[in-house]
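Here is the structure we will look at.
Model, not experiment: these values are computed from the prediction. Residue numbers start from 1 in every chain, and the chains themselves are labelled A, B, ... in the order their sequence lines are given, proteins ahead of strands.
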There are 2 protein chains.
Amino acid sequence: MSESKSTLYDVGDGMAGCGPIFPEGGFEKNSLRKQVFEHVRGNGSVARSDIARALSISAGSVTGIAAELIAAGLIQEIEDPDREITVRGRPPVALAIVPDSFHVIGIHLANERHSAILTDSIGTVLAETTHSACAPKRPVSDLIDEIILLVTDLLKIAGMALNQISAIGIGIAGLVDHTTGTVAWSPLLSEANVKLAGTIEARTGTPVFIDNDANIVTLAELWFGGGRTNSNFAVMTVEHGVGMGLVLNNRLFRGARGMGLELGHTKVQIGGALCRCGQRGCLEAYLADYALIKEAASALDLTAIGTEKNTMERLSAASKSGDPAAQAIFENAAKYLILGLANIVQLFDPGLIIVSGGHIRYDNLDNIDLGAEAHKLTLNSNINACEVALHAWDGLVWARGASALALSAATDYFTRESR
Amino acid sequence: MSESKSTLYDVGDGMAGCGPIFPEGGFEKNSLRKQVFEHVRGNGSVARSDIARALSISAGSVTGIAAELIAAGLIQEIEDPDREITVRGRPPVALAIVPDSFHVIGIHLANERHSAILTDSIGTVLAETTHSACAPKRPVSDLIDEIILLVTDLLKIAGMALNQISAIGIGIAGLVDHTTGTVAWSPLLSEANVKLAGTIEARTGTPVFIDNDANIVTLAELWFGGGRTNSNFAVMTVEHGVGMGLVLNNRLFRGARGMGLELGHTKVQIGGALCRCGQRGCLEAYLADYALIKEAASALDLTAIGTEKNTMERLSAASKSGDPAAQAIFENAAKYLILGLANIVQLFDPGLIIVSGGHIRYDNLDNIDLGAEAHKLTLNSNINACEVALHAWDGLVWARGASALALSAATDYFTRESR
DNA sequence: AAAATAAATTTACTGTCTGAAGTAAATAAT
DNA sequence: ATTATTTACTTCAGACAGTAAATTTATTTT
């Protein structure tokens, strides 16, 4: 009946290539040129005949498109190292992405520190840097200076120039309109409705794409993590706040008007706990790190010394050494985590939910079968069980997701029709 | 700041044409043939030059496509009755759908009664019929017999034969997989995983399309109701149960695996009220008709005599004549309705939510600004307020929605490429 | 009647992709 | 060794969807 399970894995799945692995055919009417490029990138190295079969297109088209992509310097023929020589017939010629055909930068802007990476066209990280940030709520001009500094530093490390960068992707906490590149609101900015993408584009002369942190984490999963082999999955992020991202048909779903998926502020109790947004009964108010720390401060002797991370670690240690109050806090949070998962399943029906975040490291969630528990709270327990995976990330995931944003845009650009 | 408002209107908006009115261009890569057809149908009567401007395509293409559609008997040139003769230049020639170019049937299957309509290609109802049903949980063969009887009756009334019907759309309560045409579970059926569409297709020789009741109500809004002018909106249905439908970019959103949007069974309270699904804390358990009736039975002297509708009417009368218990019941339900709306806004961010259902007739919701109330429970109150509209439907809406399902499929068929 | 204007049509052309025929390079059978 | 078979890849004519520009048509204004 129920086949749900929880797994804990790390970014980087050891598979060849990067980017989502599209199932045969592909639903959307992307140009064949782009489809072929993405198929090669997704699979690492494939022969023309494989591409034709996988995408259900004619062999002639593949030849023509491959020739164009080779001429453009985007892909190349390679010696396939692990080819079976036992089959007869003309041996296939493997195609692979030319890694240094273009480069992109991915940037994550956060309260405490900014991180940035520089990758080639298959997402290999060539350089990375981290700058600490302190002043919250600064004017735009200050943040832009920080970004430029970050980029300059990164380029110096990589030994490259700005004009060698095809696109810059930026992830920032807050409300971001991806289509217009504006930040409606952010904890980092003292101003509202900032046209951040446009401004940086003007400063750098490079196309800039921007999205919120939940979406870039989701993109990181789609491009480099557990979502690669799934066309439909959700990501639930539990850190300082609670967020989510959704991938439908290998594409990021951003809600009807680009501002949805605020899972942390869906109401799970009328007149419930007070949330930092000022309202009551938000899921976040029962589950996010800051909510647990608030509880810990009143129930235990954990006063607010040290960082959030530090406090969470102490709370976790107390729980593991048998402190009943600490255990109760984590148990209650787990209940609400499961409730959140169940509501995601009920509304979006994904095949996989990746629970991503910092405090799941401290929680003793390994002992709980989250998938089975969430399943108990959903309708029709006998069909379509949803897999739940835990994913404790490292600090680079945000920047990697931002680089995926840039990679995706650069891919569109280089594989567009009638170049 | 907040510009939300609640309005009460009825199906049938008095506008020309039917079907969603697509904004210029159109996002998807539908064939121009289909785009032109849908534009003509959506606007009632338009000249070729208008089409070219509206869809941003060349005039030559419109000429060619219009010629094909005219040759196929799908559209025709008409005398535009209200044309302004004051403009100089060659007068435009209006194009319009040929109403009897094809016909479809829409069927709604429910616990108490089935209804069916027969419409032409612009959705005009040419015949309707209603059969009462009683036995719940019957075998598939019985239900199919009922459907065949319904169709036979309908065709007799319309004076038409089965081979004149291009498609049949069916709406049924339960869990329906639209893509495969199977009913995973339904209160009407004693069996599970029934390939209903295929079986009826075999019996009638006509293409059959099937979806659940929430989706066909949403389709009814998209094709004939308040959603026609909105590309993105949600429908929340409150009747015996609580459901929802979502339209994104003029298309029905069915969740990642076709089984999402079960708003009624999202949890809004841990360990809360017992729902008919057997779990606790479902939104439905606080809001659906059956939940209110259960409360009424214990708090008032309203024993379960008569139909659900009858009981709701008596509860409503008690509330309006000042009974505090009845008023409290409605007030509590309204709170949860608003909570449901807020969660929809938070997750999907639609521009419009249509609240559709029977008991909103009895509730004194007219006095509440639902949009404003829901807005108070959502993040970022100053931007993107969501409009909330009440829509008390009549009994035919379900069948109309089912006919839209058929109309949509027939349109695809007749306007497909290389006929 | 001539000029102006707008709608619709025709024509030549482009880009994308397919399908069929042909070529290339390997193994298996004789 | 030679031939057959198999599979991979290439070439090329053509279908098809669509555009852009020139042309024809129908009407009003001057």
Side-chain angles (χ1 to χ4, degrees), chain A residues 24-26 28-40 43 45-72 75-80 83-96 415-419, chain B residues 24-26 28-40 43 45-72 75-80 83-96 415-419:
Chain A
E24 41 137 352
E28 299 259 328
K29 271 227 172 155
N30 270 333
S31 75
L32 284 195
R33 198 183 277 103
K34 188 180 171 189
Q35 280 185 53
V36 168
F37 182 84
E38 287 184 330
H39 190 259
V40 173
N43 292 71
S45 90
V46 264
R48 284 175 248 260
S49 53
D50 294 327
I51 298 172
R53 274 188 296 268
L55 303 178
S56 303
I57 58 177
S58 76
S61 300
V62 179
T63 295
I65 290 162
E68 284 174 20
L69 291 174
I70 290 170
I75 67 172
Q76 63 194 148
E77 297 190 341
I78 57 162
E79 292 292 323
D80 199 343
R83 189 169 74 79
E84 299 281 322
I85 333 174
T86 47
V87 205
R88 71 175 174 177
R90 174 174 172 176
V93 180
L95 298 173
T415 62
R416 73 191 187 283
E417 331 225 342
S418 56
R419 294 158 27 84
Chain B
E24 42 136 352
E28 300 261 328
K29 271 227 172 157
N30 270 332
S31 73
L32 284 195
R33 198 186 274 103
K34 189 179 171 193
Q35 280 186 52
V36 168
F37 183 86
E38 287 184 328
H39 191 257
V40 173
N43 292 71
S45 90
V46 264
R48 283 176 250 261
S49 52
D50 295 327
I51 298 172
R53 274 189 294 268
L55 302 179
S56 305
I57 57 177
S58 76
S61 299
V62 179
T63 296
I65 289 162
E68 284 174 20
L69 291 174
I70 289 170
I75 67 171
Q76 63 193 150
E77 297 191 340
I78 57 162
E79 292 292 321
D80 199 344
R83 187 170 74 78
E84 299 281 325
I85 332 175
T86 47
V87 204
R88 71 177 175 177
R90 178 172 171 175
V93 180
L95 298 172
T415 62
R416 74 193 185 283
E417 328 225 345
S418 57
R419 295 160 23 87

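- The shortest side-chain heavy-atom distance between A/V36 and A/I57 falls under the 4.5 Å cut-off.
- Looking at which nucleotide of DNA chain C each of A/R90 and A/A59 is closest to, the 5′-most match is held by A/A59.
- For B/R53 and C/dA7, the shortest distance from a side-chain N or O to OP1 or OP2 is below 4.0 Å.
- For the pair B/L32/B/L55, no side-chain contact is recorded, criterion being any heavy-atom separation below 4.5 Å from C-beta on.
- Taking for each of B/V62 and A/I65 the nucleotide of DNA chain C with the nearest heavy atom, the 5'-most of the two is the partner of B/V62.
- Rounded to an integer number of Å, the gap from B/I51 CD1 to C/dA7 P is 12 Å.
- Side-chain N/O atoms of B/T63 include none lying less than 4.0 angstrom from OP1 or OP2 on C/dA8.
- Taking atom CD of residue B/E77 and atom P of nucleotide C/dA7, one finds them 15 Å apart after rounding to whole Å.
- Between A/R48 and D/dT7, a side-chain N or O to OP1/OP2 separation shorter than 4.0 Å is absent.
- With rounding to the nearest 0.5 Å, the separation of CZ in A/R33 from CZ in A/R416 is 9.5 Å.
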#### Entry: side chain to side chain contact (heavy atoms under 4.5 Å, CB included) between B/I51 and B/L95, worked out
CA-CA 10 Å; B/I51 298 172; B/L95 298 172; 4.0 Å; yes

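- Taking only side-chain atoms of B/S49, from C-beta outward, the nucleotide of C/dA4, D/dT27, C/dA8 with the closest atom is C/dA8.
- Nearest to the side-chain atoms of B/R88 among the listed nucleotides D/dT28, C/dT27, D/dT19 stands D/dT28.
- A/R416 places its CZ atom 15 Å from the C1' atom of C/dG15, with the value rounded to the nearest Å.
- The CG-P distance, from A/L32 to D/dC16, rounds to 18 Å in whole Å.
- Residue B/E68 contributes atom CD, which lies 16 Å from atom C1' of C/dA8 at whole-angstrom precision.
- A distance of 11.5 Å separates CD1 in B/I65 from CZ in B/R48, rounded to the nearest 0.5 Å.
- Rounded to a whole Å, the NZ atom of A/K34 is 15 Å from the P atom of C/dT16.
- Between D/dT19 and B/S58, a contact under 4.0 Å exists linking OP1 or OP2 to a side-chain N or O.
- In this structure, A/L95 atom CG and D/dC9 atom C1' are separated by 11 Å, rounded to whole Å.
- In this structure, the CG atom of A/L55 is 17 Å from the P atom of C/dT16, given to the nearest Å.
- Between A/G89 and A/G60, it is A/G89 whose nearest contact on DNA chain D lies nearer the 5' terminus.
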